[in-house]
Chemist: 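Can you read through this structure? Questions will come right after.
Residue indices begin at 1 and follow the sequence shown.
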Amino acid sequence: MMELTQTQQDFREGMSRLGAAVNLITTDGPAGRHGITASAVCSVTDNPPTLLVCINTRAFAHDKFVENGVLAVNVLAAEHQELSGIFARFVEGVDRFSFGNWEAGPTGAPMLTDANVAFDCRITGRQEEGTHSVFFCQVEEVRMSAKARHGLVWFSRDFHHLVTEDQA
């Protein structure tokens, strides 16, 4: 493993202080059903509704997302913290999708039925940058829970729960 430069170390430490929602990125299609945990997701535009999703090219499921051409971004609630850990680790023989309740979206990508919000998307573009692919994902359907629950964010290398005033 290559040693990190001071700039890379500072960058990683700085990024640990950039809080982000915890998401399950899922796909299904010719390459099979796969999913990972990721926080590198953001909106691009609402015309057409498009998200940006970054996935490490060495991730076990990276090529499955490319081959399937679809994905769902499932934004987790606080009670999904354990589920995020299941999708973060690759364990041979474990069907991640046996945990939680899933439905196929219009693209066929698995959508977590009790996610705070789930975006079903077609991958419309991909840009390689360093160790990651940046996927541009056009949203075909948005499913929201009836009421926003406590959010789950990753900040300073740990999970934190977000609570709105009406939830306190």
Chemist: Determine whether a donor-acceptor pair (N or O, by modelled atom type, separation under 3.5 Å) exists between the side chain of Asn74 and the backbone of Leu24.
Modeler: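 At least one qualifying donor-acceptor pair exists.
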
Chemist: Going by side chain to side chain donor-acceptor pair (under 3.5 Å), name the residues that satisfy it together with Gln127, two or more places apart in sequence or in a different chain.
Modeler: none

Chemist: With a 3.5 Å distance limit and no angle check, can you tell me whether Asn101 reaches the backbone of Thr113 through a side-chain donor-acceptor pair?
Modeler: no

Chemist: Work out which heavy atom in Val75 is nearest to a heavy atom in Ala21; give both atom names and the distance.
Modeler: CG1-CB, 4.3 Å

Chemist: Where do Ala61 and Ile36 come nearest, in terms of heavy atoms and distance?
Modeler: CB-CG2, 4.1 Å

Chemist: Other than Val70, which residues form its hydrophobic cluster under the rule that side-chain heavy atoms must be closer than 4.5 Å?
Modeler: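 In the cluster with Val70 there is nothing else; it is isolated.
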
Chemist: Do any N or O atoms from the side chain of Thr107 and from the backbone of Ala109 form a donor-acceptor pair under 3.5 angstrom?
Modeler: yes

Chemist: Looking at residues at least two apart in the chain, or sitting in another chain, which of them share a side chain to side chain donor-acceptor pair (under 3.5 Å) with Asp114?
Modeler: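 Here the qualifying residues are His80.
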
Chemist: According to salt bridge (Lys or Arg N to Asp or Glu O under 4.0 Å), who are the partners of Glu67, at least two apart in sequence or on a separate chain?
Modeler: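 Expected list: none.
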
Chemist: Return the set of residues passing ring pair (Phe, Tyr, Trp, His ring centres under 6.0 Å) with Phe159 (not counting sequence neighbours), or none when no residue passes.
Modeler: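 Expected list: Trp154.
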
Chemist: Can you find a side-chain donor-acceptor pair between His150 and Glu79 that sits under 3.5 Å?
Modeler: no

Chemist: Any ring-ring contact (aromatic ring centres under 6.0 Å, His included) pairs touching residues 21-72, not counting sequence neighbours?
Modeler: Phe60-Phe90, His62-Phe135

Chemist: Counting C-beta onward and ignoring hydrogens, is there a side-chain heavy-atom pair between Pro110 and Glu103 closer than 4.5 Å?
Modeler: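 SC-SC contact between Pro110 and Glu103 ruled out.
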
Chemist: I'd like to know if the side chain of Asp95 reaches the main chain of Phe97, judged simply by a donor and an acceptor atom lying under 3.5 Å from each other, with no hydrogens or angles considered.
Modeler: yes

Chemist: Hey, could you give me each pair passing salt bridge (Lys or Arg N to Asp or Glu O under 4.0 Å) that has a residue in residues 121-134? Not counting sequence neighbours.
Modeler: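 Qualifying pairs: Arg122-Glu140, Arg126-Glu128.
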
Chemist: Does Gln138 have any side chain to side chain donor-acceptor pair (under 3.5 Å) partners at least two apart in sequence or in another chain, and if so, which?
Modeler: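 By the side chain to side chain donor-acceptor pair (under 3.5 Å) rule, Gln138 matches no residue at all.
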
Chemist: Listed by chain and number, what are the ring pair (Phe, Tyr, Trp, His ring centres under 6.0 Å) partners of His132, not counting sequence neighbours?
Modeler: none

Chemist: So Leu51 and Val139, do their side chains get closer than 4.5 Å, heavy atoms only?
Modeler: yes

Chemist: Which atom names give the shortest non-hydrogen contact between Val22 and Ser84, and what distance separates them?
Modeler: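 In terms of heavy atoms, the two residues are closest at CG1-CB, 3.8 Å.
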
Chemist: Hey, does Thr26 have a side-chain heavy atom less than 4.5 Å from the side chain of Leu71?
Modeler: no

Chemist: Looking at residues at least two apart in the chain, or sitting in another chain, which of them share a ring pair (Phe, Tyr, Trp, His ring centres under 6.0 Å) with Phe119?
Modeler: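 Per chain and number, Phe119 pairs via ring pair (Phe, Tyr, Trp, His ring centres under 6.0 Å) with no residue.
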
Chemist: Side chains of Met144 and Asn116: closer than 4.5 Å at any heavy-atom pair?
Modeler: no

Chemist: With heavy-atom distances below 4.5 Å as the criterion, would you say the side chains of Val134 and Leu52 are in contact?
Modeler: yes

Chemist: Write down the atom of Cys137, the atom of Val53, and the distance for their closest heavy-atom approach.
Modeler: SG-CG2, 4.1 Å

Chemist: Sequence neighbours excluded, which residues qualify as side chain to side chain donor-acceptor pair (under 3.5 Å) partners of Gln9?
Modeler: none

Chemist: What closest approach, in Å, do Phe87 and Trp102 show between heavy atoms, and which atom pair accounts for it?
Modeler: CZ-CZ2, 3.6 Å

Chemist: Could you list the residues that satisfy ring pair (Phe, Tyr, Trp, His ring centres under 6.0 Å) with His160, not counting sequence neighbours?
Modeler: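 For His160 the ring pair (Phe, Tyr, Trp, His ring centres under 6.0 Å) partners, ignoring immediate neighbours, are Phe155.
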
Chemist: Under the 3.5 angstrom rule, does the side chain of Arg33 hit a backbone N or O of Gly29 as a donor-acceptor pair?
Modeler: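 No, the answer is negative, given that no donor and acceptor are paired below the 3.5 Å cut-off.
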
Chemist: Taking all non-hydrogen atoms of both residues into account, name the closest pair between Asn68 and Gly32 and its distance.
Modeler: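 Closest heavy-atom pair between Asn68 and Gly32: ND2-O, 2.9 Å.
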
